[in-house]
Each structure stands twice: as C-alpha cells, then as structure tokens.
Number of protein chains: 2
Amino acid sequence: MAPAARRAARPAPRAAVPTLSDVAAKAAVDVSTASRVLRGEQGQRVRDETRARILAAADALGYRANPVARALRTARTHTLGIAVPQLDNPVFAAAIAGAERVAAARGYALLISHLEDALPAKDAYARLAQLNRVDGLLAATLEEDAPFAEALAEAGVPFVALNRVLPGACSVALDNLAAARVAIDHLVSLGHRRIAHLAGRVGGWNGQGRLAGWRAALKAHGIRHDPELVEHAGYTASGGAAAMAALLARVRTRPTAVLAATLVSAAGALRTLRQAGLAVPGDISVVALHDGPVAELVEPQLTTVALPAEAMGAAGAEALIAMIEGGATSAAATLLPPGGLVRRASTGPAPER
Amino acid sequence: MAPAARRAARPAPRAAVPTLSDVAAKAAVDVSTASRVLRGEQGQRVRDETRARILAAADALGYRANPVARALRTARTHTLGIAVPQLDNPVFAAAIAGAERVAAARGYALLISHLEDALPAKDAYARLAQLNRVDGLLAATLEEDAPFAEALAEAGVPFVALNRVLPGACSVALDNLAAARVAIDHLVSLGHRRIAHLAGRVGGWNGQGRLAGWRAALKAHGIRHDPELVEHAGYTASGGAAAMAALLARVRTRPTAVLAATLVSAAGALRTLRQAGLAVPGDISVVALHDGPVAELVEPQLTTVALPAEAMGAAGAEALIAMIEGGATSAAATLLPPGGLVRRASTGPAPER
DNA sequence: CCACTCAGAACAAACGATTGCGCACACGGA
DNA sequence: TCCGTGTGCGCAATCGTTTGTTCTGAGTGG
C-alpha cells in the first residue's frame, strides 16, 4: 500500500486555494455575479445559463468561500465561543459536545476557552479581546461572575449563561428542583422519610438549587426538613466521603437515605458508608443527581437522576444562535427537566425501625 | 472629535469597536504608522514622541486589533483546530485541556470539532471546508484514517496526529511500551509471573501498543508470554467485565495478576472478580493503564500507571505551532513517557501457590 | 419611431488590517 | 551652496468577500 502517502517538506505544499475571482474568471463573469450566484440568494436576477456556468466553474475549481474574508465583510464569523471553568468535568464535556453538535448542524464553528478560576472582571475584558472572533458566547461559569456578564453585556456581545440562571441574561440551566423532586419521590415511595442531603458547592447556583429542591420535595411529601441532615460535600469524592462521615458522626437518628447533589460526591459517600460497615441500600439508600458511567463502576451501582448536560449545551447553542440571527436579546431562562430516574442498586426500601 | 467613530445605523447595542483608523485619527498619524507601532515590530523608525502618542490613543480608545482583518491580510488565523472522535472520553478531554492551555499561552484560539465515527474521506474533505479558518489541525483520530491524513497533507494543512503514531506524519502519542513496562515491573516485583492482559481496542494504535508492551515487558523479565492470557476487552466497563469473565472461564491456571489496557475496562474487570468471589488483590492483582478520578471511586481503589493525556494535548499544540511558525513539516513522532505508577489498593503480593 | 422599463451583469466601494515604497526634511561634508 | 544620506512617516495596494449602484441592451406601449 505504498502509493499515496508522500509528504514533501520543502516545496511549501499548501496548495493555492481558489478564490472567488478565480471562479469568476473561469466563468467569464464579474466576481459580484459569481458571489451572488454562489451564495444562492433568492430574488437575484441571473440567467440560468450564467448561473450554470458559474456553478460549473466553482465545482471544477473546488471553490470554497474563504470564511475569513466573508467574516470581515459581513462582520459575522459564524463562530460560537464556549467558556468553561473546567474541561475535565464530565458535565461540561457533555455540554461542549451538545453545543458542538448544534453549532456544526447550523454551520457554526465552536471555539473553546478555558476559564481557570473565578476571573477578575479585568481578565474578562482580556478575554473580550478574543471576542470579536466569535459571534456570541456560551458562558458556563461557576459563580458570582456578574462582572463577567456585565462586561459581556456592555460590550454588546450576545451571550447565554450556561449551567446557571443569571438574572437579566438569557440562561439555560438544569431544573434542579425538578431533579431533586424525582429523587425524593423515589425515596419516599420506598418508604424513606428521614432523608439527608449531601449538598454541592456552597454559593453555587446548582448547589443552592438542589438544596432548595431537597427542601421543597420533602415539604411536598409533608416531611419537615431537618437542617441537621444537610452537610456540604462539594463536588469531589473526598468531599463526599468527609461529609458523609461528618453527618454520621453528628446526627442522633441516622437518616435512612441520602440525596447527593453530585455523582462523584455520592461515590465518596459510598466509601464512607462501606467503611462504617453500613449496608447500601440495606441500612441506608443513596441517590445522586447526574448520571454517568461512574454510576455503574461503583459498588453498589448508584441510583441516579439523569440530568441533560448534553442537551443543555445544545439548547444553549440554539438560544445563542437565535439571538445572533434574530437580533433580539432575550433574557429568558430555560430550565431543562431531568431525564428521569435511573434505578440501580443503591436504593431500596427503608429499613424497618 | 466627531469625525472618526460613527458606525451603527440603528441603535444596535453592539458598541462600536474602535478600529486602527480611529486610533490613527486620534493620534493624528497615518494608519500605517499606527499599525507599525502597535504591532511592536523592532527596527521600525518612529520617533518616541509619536510612538507614545499612538500608544496613548490606543489605550484611551481601548483598541484591540481585529483578528479577522488581520487574518485576512496575513493569511494566518492564529487558530488551531482539534478534531476528536469522542468528547466525553476523559483522555480526549484532558488532551483538549492541554492543547487549550498551550494555545492560549501562545496567542492561539482553539476550535474544536467532533468527528463522530470513522469519517469517510469524503467527510474529511467536507471538514476541510472549515480548515481555512485554522492554521493547523490536531487530529486525535482513532484508527485507519489514513485517508483523512492524506487529505490533510494533500491540502497542505499543517497537522499533527494525536494519540497515535501515523507513519509519515508528525505525531504525538503515549509510550505504551514504557507504560506497560512500568505496570509489569510493578507486578513482577510483587512476585507475579502469570500476568494476563485485558487488551484494548483491536486494531487501535494504543491497543496494539499496549499488547506489545505487555509481551515485551514479560519477555524482559524472562517470562514467556502465554497467548491464552490475552482477552480483548475494548474500552468499556462491560467489555472489561465480559473479558475478565471469559478469561476466568477459559484458562486452566488462573493468572495472579491482570494488566488492563484501560481504566474503565479494569473497573469492569473488578466487578467480575467480585462476583466470582475472588479477592483483589488477595487472589488476583489488577493494574490499569491511565489514571483518573475513577480509579479512586472503585472498590478496591485501582493501582494504575498515569499516562500524560494533558501533556499530550499540550505537546501536540506545541508541535503544531512549531510547524506553523517554523514552516518545516516535520514527520517526527514523539512518544510521551508514562507519568509513573500510582499505587493503590488493587495490587499486592502474588498469592502463594 | 421614441421614450421607458426592466432583466442581467459589471463597477466599485467597502470591511480593518499589513506592508512595500516613496516623499519630505534635516543634517553633514565637499 | 549643493548633493548625498537617512530618519520619520504617509500613500496606496492588497487580502477575498459582499452589496449598493450604475450601465447596457432588449423588449414594449403609445
């Protein structure tokens, strides 16, 4: 199979890419005519014969419009930016995948930018330097980045907040209340009434929402929420383990079930429970928000509530493109309903007392 | 100062972004002079006073060069593309993170493209349409995509193959032989001599390399490799579980240790071992290639060999930028050495016979 | 037979930068 | 006084498109 692979180093292999004027020349028309035909605009008055000639020439040359030149002229790059705080987080990875899918389908490219930490508004402006190369931005930021949002708004850059609701900005986020409700409904249906909550990041939008959801769902079932049953676990395994340990050490009456705000913290909690000699779900049931491959790797496999991370990215991209193309800056917030309960082995009937 | 800045027709919230000619006007110089000063080129003959005036004007206006215009003129977008087959795979996520880090540090943006499946060369060309918006491409593709590579080479697009070595192309990949060696050394030092291999994707570059590494490392220790001890597991948990089961069912003498080609398949194998009533590491040790958070979530926690996925993305970006800026198309392959053994609970001394 | 209309296509001006070249002016030596 | 020489900057072309405007005939009604 020796034939094709041959890769010259010297002669600057970059083939001259045909331009519009090449096409126009070959078809013996003006570039403007060629442009109109190739852009396929309706209502253009071009004779069929001419049109065919241009299309043939373009095809023969393998012409592709130069996006850069087009962007300069039209002031539209057909590129979306997505800024995420962490690339390794599966939730953001999924969101990126969703955004990429929609972007590609709509003819947009996706530029990705990693926003290490909470960025000082200053940095936000620095990032803005890059922003004239995108038509809009998907901002999947973690917390009090009002400055960031304001910088964007001020600069007139269309953007949508992802993974949280930002008042006044178009936002696409997860419906944490509904998600918590699904989890609690499940536990209650199994007979649980004393249900603890391993909360997520304090101050984070999702963390707050899930905590609120836990409370509201309990209330809906006529269960008074016991503040003692909340422990902040963050979103790491060690955080989950530590929080579970703290909870067990602190409470008088052990809860019969736990709602963990994140999958990974639930996995950590499982470790603590195992070490404490408690059976899951025999002694205590565990359910986590967010589904993922990890749920099947732990022992026992975790019952979860699937959350639409991919769809969140996709919906964000849709909304952003709508803003860009429609021109209207909507400030509507979209809450994506949970995908449903994924029942596995970590939940079971409440133990008899 | 009414003259220069007047842009939007409607109220058009998008703030008028200052252009070079705005700066030039404010500093009362020609745009060419402003350009030379702002680009900071050496050897330009500009009076200090003039330079200061221009810098002040740019600063006052908050001027940022328009990357699109610059790209059009210079035929360089300062954008890298990265094509990955799966966005949800932590390895690729890490590679993207690494590439993004380097790209950002070097003043490049990163465009990400998801290549669903093996892409017919046709599709490869379609993607090329987007390619004149990047200066080069990081191609993290899975397998026999020689057509893709050739399409790129033919189009003269600088690219580097990521996560595999592609003959004739600049490649950055993991040193699977060395990684397997680290794992086997560890097991052998614990007294293991009958070591099975849960292989990765058949036909994949990494899968092949790890299999070869397993063989070579055994040989280095004077252990004859037993072909019976290889089972193809792929890179999923269920694949790992099934392969482990098949292996146990098939072999006469049970191996005392297993080298899994991937972290997730190792996790699957753990499940099978647990169900089979075998103790890990009491009856059998397990070590996986690639480290990650999952390793600490499973029971027992997995001993792994850390593989530099982030560094791979970074090195790929470095190489690509070097190609772009240096002009020379190197075809060198870089193999990244493993990060080392991460010893956890899944490996222990070989059981007495 | 003559203006008039309108289809079909060319002209030309942007978009915002970069860059080769040329034009002044000041200075120094003959 | 005059002619290099060289510094400091402006002129203008260009990158590849898009798009408003103008031009040219051919067809038409009066």
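Reminder, nothing fancy here: chain letters follow the sequence lines and each chain counts from 1.
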**Request:** List in chain and number order the residues that pass side chain to side chain contact (heavy atoms under 4.5 Å, CB included) with B:Ala27, two or more places apart in sequence or in another chain; answer none if no residue qualifies.
**Result:**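 Only B:Val29, B:Arg53, B:Ile54, B:Ala57 meet the side chain to side chain contact (heavy atoms under 4.5 Å, CB included) criterion with B:Ala27.
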**Partners passing side chain to side chain contact (heavy atoms under 4.5 Å, CB included) against B:Thr77 (at least two apart in sequence or in another chain)** =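 With sequence neighbours excluded, B:Thr77 shows a side chain to side chain contact (heavy atoms under 4.5 Å, CB included) to A:Val68, B:Ala71, B:Thr79, B:Asp135, given in chain and number order.
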Whether [X] side chain and [Y] backbone form a donor-acceptor pair below 3.5 Å:
{"X": "A:Asp22", "Y": "A:Thr19", "value": "yes"}
{"X": "B:Ser171", "Y": "B:Leu166", "value": "yes"}
{"X": "B:Thr74", "Y": "B:Arg70", "value": "yes"}
{"X": "B:His114", "Y": "B:Pro85", "value": "yes"}

Take atom [atom1] of [X] and atom [atom2] of [N], then tell me their distance rounded to the nearest Å.
{"X": "B:Asp48", "N": "D:dG8", "atom1": "CG", "atom2": "P", "answer": "9 Å"}
{"X": "A:Arg76", "N": "D:dT19", "atom1": "CZ", "atom2": "C1'", "answer": "16 Å"}
{"X": "A:His78", "N": "D:dT17", "atom1": "NE2", "atom2": "C1'", "answer": "13 Å"}
{"X": "A:Arg47", "N": "D:dG25", "atom1": "CZ", "atom2": "C1'", "answer": "11 Å"}
{"X": "A:Leu72", "N": "D:dG16", "atom1": "CG", "atom2": "C1'", "answer": "9 Å"}

**Message:** Taking any heavy-atom pair under 4.0 Å as a contact, classify A:Val68: base, sugar-phosphate, or nothing.
**Reply:** nothing
**Prompt:** Within the structure shown, what part of the strands sits under 4.0 Å from B:Ala24 by heavy-atom distance: base, sugar-phosphate, or nothing?
**Reply:**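 B:Ala24: no heavy atom of the nucleic acid under 4.0 Å.
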**Request:** Check salt bridge (Lys or Arg N to Asp or Glu O under 4.0 Å) between B:Arg39 and all other residues, then give those that pass, not counting sequence neighbours.
**Result:**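 In terms of salt bridge (Lys or Arg N to Asp or Glu O under 4.0 Å), with neighbours along the sequence ignored, B:Arg39 is linked to B:Glu41.
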**Message:** Using side-chain heavy atoms (C-beta onward) and a distance below 4.5 Å, is A:Leu87 in contact with A:Ile96?
**Reply:**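 Yes. Closest side-chain heavy atoms under 4.5 Å.
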**Request:** Let me know which of A:Val134, A:Leu111, A:Leu320, A:Ile112 forms a side-chain contact (heavy atoms from CB on, under 4.5 Å) with A:Ile82.
**Result:**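 That would be A:Ile112.
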**Prompt:** Can you name the closest pair of heavy atoms from B:Val172 and B:Ala315 and give their distance?
**Reply:**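 That closest heavy-atom pairing would be CG1-CB, 3.9 Å.
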**Neighbours of DNA chain D within residues 49-60 of chain A, by heavy-atom distance under 4.0 Å** = none
**Asked** Given that B:Ala34 and A:Thr19 both sit by DNA chain D, which one's nearest nucleotide is further toward the 5' end?
**Response** B:Ala34
**Angle of first-five versus last-five pair axes in the helix from C:dC1-D:dG30 to C:dA30-D:dT1, to 10 degrees** =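 Comparing the axis at each end, I get an angle of 70°.
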**Request:** Any chance you could measure B:Phe159, atom CZ, to B:Leu162, atom CG, to the nearest 0.5 Å?
**Result:** 11.5 Å
Would you tabulate the pairs of protein nitrogen or oxygen atoms and nucleotide nitrogen or oxygen atoms of nucleotides 18-25 of chain C closer than 3.5 angstrom?
| unit_1 | atom_1 | unit_2 | atom_2 | d |
| --- | --- | --- | --- | --- |
| C:dT18 | OP1 | B:Arg39 | NE | 3.3 |
| C:dT18 | OP1 | B:Arg70 | NE | 2.7 |
| C:dT18 | OP1 | B:Arg70 | NH2 | 2.9 |
| C:dT18 | OP2 | B:Ser35 | OG | 2.7 |
| C:dT18 | O2 | B:Arg73 | NH1 | 2.1 |
| C:dT19 | OP2 | B:Arg39 | NH1 | 2.9 |
| C:dG20 | O6 | B:Arg36 | NH2 | 2.7 |

